[in-house]
Amino acid sequence: MPLSDYDLGAWAPYLAPIQDLPWCTELLQRVDLAYQAADPPVFPPREDLFTALRLTSPKAVRCVILGQDPYHEMGQAHGLSFSVRPGVPVPRSLRNIYKELHADLGLTPPDHGCLEDWARQGVLLLNTVLTVYEGQANSHQRWGWERFTSHLIDVVETQPQPVAYVLWGKSAQKKIQDNHLGEGGKPRLILTSNHPSPLSASRGFFGSRPFSKVNSFLQEHGEAPIDWSLNSTSI
C-alpha cells in the first residue's frame, strides 16, 4: 500500500517528496507483507498507523513526545506513543508517566490511558519505529522507520513556532544528532531522560519534570501552556 493511499492529514504534502524513494517504498512493502501475513499480528492496526499525524498537523506541533516503538500486546497500540484507547488497562510505562505528571504538576491521574487530548493540543505523540510484532518489542527496528520518523522531525524543524522535544530513551535521543535538533535558529527546547518503562524509570525519568518545563518554555515564548490534565470528559 503506497504512502499516498493512507490518510496522512495535513502531513501529506510534506511526505510526498519521499513516497517514491526506494527506501520508503521498501519499508512500506515490508510493512504490507507483515500486515497481510498477520502471523504474528502487527500493531497498531493498519487504520491507526498514522493517527499521530492525523491528529497533530505540522503547523500545530508545540511539543514532540518521542518514544521507542508501539505497545506490543493485543488491543493496546492505536497510533499514538504511550497511549491506549479508553477501556484498555493503562500500561506500566504510562502509569509511570502519570506518576511523574502528578509529582510535577499535582494532577490526579485519569482513569484511562487515552492521550488524544494532548495530541489535539499540539503534542505530536510519536515513536521512532511505528510498527511492531505482537509480543516482540522493537521487532521492526531497522526496517526503515527510523529514517521515516527522522523525516517527520525534519518537517517539524522547518516550522517557525516554538517546539519542545521530550525524548525518552536512547532511541529517541539519537534524533538529537540525526536531525540536528535545535540548530535551525528557531525556538526549541530539548528535554531528555530515561524511558518511563518499569526497567528504567527510576534511573532518571522520575523527577525529570518534563510537563512543567514544556509549559514554562511555551509561556516564555508567548504561547499558551498545554493542559496536561486528561480529564475523562475530554475523550
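Nothing fancy with the numbering, it's 1 onward along the sequence.
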Student: When you compare the side chain of L130 with that of F43, does any pair of heavy atoms fall below 4.5 Å?
Tutor: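 When only atoms from C-beta onward are counted, L130 and F43 do not touch, as no gap falls below 4.5 Å.
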
Student: I'd like to know if the side chain of W11 pairs up with that of S57 as donor and acceptor (distance under 3.5 Å, no hydrogens or angles considered).
Tutor: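 Their side chains do not contain a donor-acceptor pair, so the 3.5 Å distance test is not met.
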
Student: Compile the donor-acceptor pairs under 3.5 Å between side chains in residues 72-81 and protein atoms, sequence neighbours left out, one pair per line.
Tutor:
{"residue": "Q76", "atom": "OE1", "partner": "E73", "partner atom": "N", "Å": "3.3"}
{"residue": "H78", "atom": "NE2", "partner": "S83", "partner atom": "OG", "Å": "2.7"}
{"residue": "S81", "atom": "OG", "partner": "I65", "partner atom": "O", "Å": "3.4"}
{"residue": "S81", "atom": "OG", "partner": "L126", "partner atom": "N", "Å": "3.1"}
{"residue": "S81", "atom": "OG", "partner": "L126", "partner atom": "O", "Å": "3.4"}

Student: Consider only side-chain N and O atoms of S150 and K175, and report whether a donor and an acceptor are under 3.5 Å apart.
Tutor: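 There is such a pair between these side chains.
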
Student: Are Y133 and Y35 an aromatic pair by the rule of ring centers under 6.0 Å?
Tutor: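 When the ring centroids of Y133 and Y35 are compared, they turn out to be at least 6.0 Å apart.
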
Student: Report, one line per pair, each donor and acceptor closer than 3.5 Å where one atom sits in a side chain of residues 167-174; sequence neighbours left out.
Tutor:
{"residue": "Q173", "atom": "NE2", "partner": "L167", "partner atom": "O", "Å": "3.3"}
{"residue": "Q173", "atom": "NE2", "partner": "G169", "partner atom": "O", "Å": "3.4"}
{"residue": "Q173", "atom": "NE2", "partner": "S193", "partner atom": "O", "Å": "2.7"}
{"residue": "K174", "atom": "NZ", "partner": "D178", "partner atom": "OD1", "Å": "3.3"}
{"residue": "K174", "atom": "NZ", "partner": "D178", "partner atom": "OD2", "Å": "2.9"}

Student: Which donor-acceptor pairs under 3.5 Å do side chains of residues 95-103 form with protein atoms, sequence neighbours excluded?
Tutor:
{"residue": "R95", "atom": "NH1", "partner": "V90", "partner atom": "O", "Å": "3.0"}
{"residue": "N96", "atom": "ND2", "partner": "P196", "partner atom": "O", "Å": "2.8"}
{"residue": "Y98", "atom": "OH", "partner": "H112", "partner atom": "O", "Å": "2.8"}
{"residue": "E100", "atom": "OE1", "partner": "G207", "partner atom": "N", "Å": "2.8"}
{"residue": "E100", "atom": "OE2", "partner": "G207", "partner atom": "N", "Å": "3.4"}
{"residue": "E100", "atom": "OE2", "partner": "S208", "partner atom": "N", "Å": "3.3"}
{"residue": "E100", "atom": "OE2", "partner": "R209", "partner atom": "N", "Å": "2.8"}
{"residue": "H102", "atom": "ND1", "partner": "L107", "partner atom": "O", "Å": "3.1"}

Student: Are I226 and F211 packed together at the side-chain level, in the sense that at least one heavy-atom pair is separated by less than 4.5 angstrom?
Tutor: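 I226 vs F211: side chains apart.
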
Student: In sequence, state the C-alpha distance, the side-chain angles, and the governing distance for E116 and R120, and then conclude on salt bridge (charged side-chain N to carboxylate O under 4.0 Å, His left out).
Tutor: CA-CA 6 Å; E116 287 185 6; R120 293 191 177 95; 3.2 Å; yes

Student: Take atom CD of Q177 as the centre, draw a 6.0 Å sphere, and report whether it contains more than 12 heavy atoms from other residues, nucleotides or ligands.
Tutor: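 No, not enclosed.
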
Student: Between atom CD of Q161 and atom NZ of K59, what is the distance when rounded to the nearest 0.5 Å?
Tutor: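 One finds 8.0 Å between CD of Q161 and NZ of K59.
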
Student: Using modelled atom types only, decide if a donor and an acceptor are shared between the side chain of T56 and the backbone of L53 within a distance under 3.5 Å.
Tutor: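 Here the side-chain-to-backbone pair does not exist.
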
Student: Quickly, which of V64, V123, L189, V214 forms a side chain to side chain contact (heavy atoms under 4.5 Å, CB included) with V166? Name it, please.
Tutor: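 With V166 as partner, side chain to side chain contact (heavy atoms under 4.5 Å, CB included) holds for just one option, V214.
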
Student: Hey, what's the ring geometry for H140 with W143, parallel, tilted or perpendicular (30° and 60° as the breaks)?
Tutor: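 If you compare the ring of H140 with that of W143, the planes turn out parallel.
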
Student: How far does CD1 of I18 sit from CZ of F148, to the nearest 0.5 angstrom?
Tutor: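 It comes to 5.0 Å.
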
Student: With no hydrogens and no angle check, do the side chains of R203 and S200 hold a donor and an acceptor under 3.5 Å apart?
Tutor: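 No pair is found: no donor N or O on one side chain lies under 3.5 Å from an acceptor on the other.
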
Student: Picking from R188, H180, K186, what satisfies side-chain hydrogen bond (donor to acceptor under 3.5 Å, both in side chains) with E157?
Tutor: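 Exactly one candidate clears the test, R188.
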
Student: Rounded to the nearest 0.5 Å, what separates atom CG in D69 from atom CG in N127?
Tutor: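 Result: 6.0 Å between the selected atoms.
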
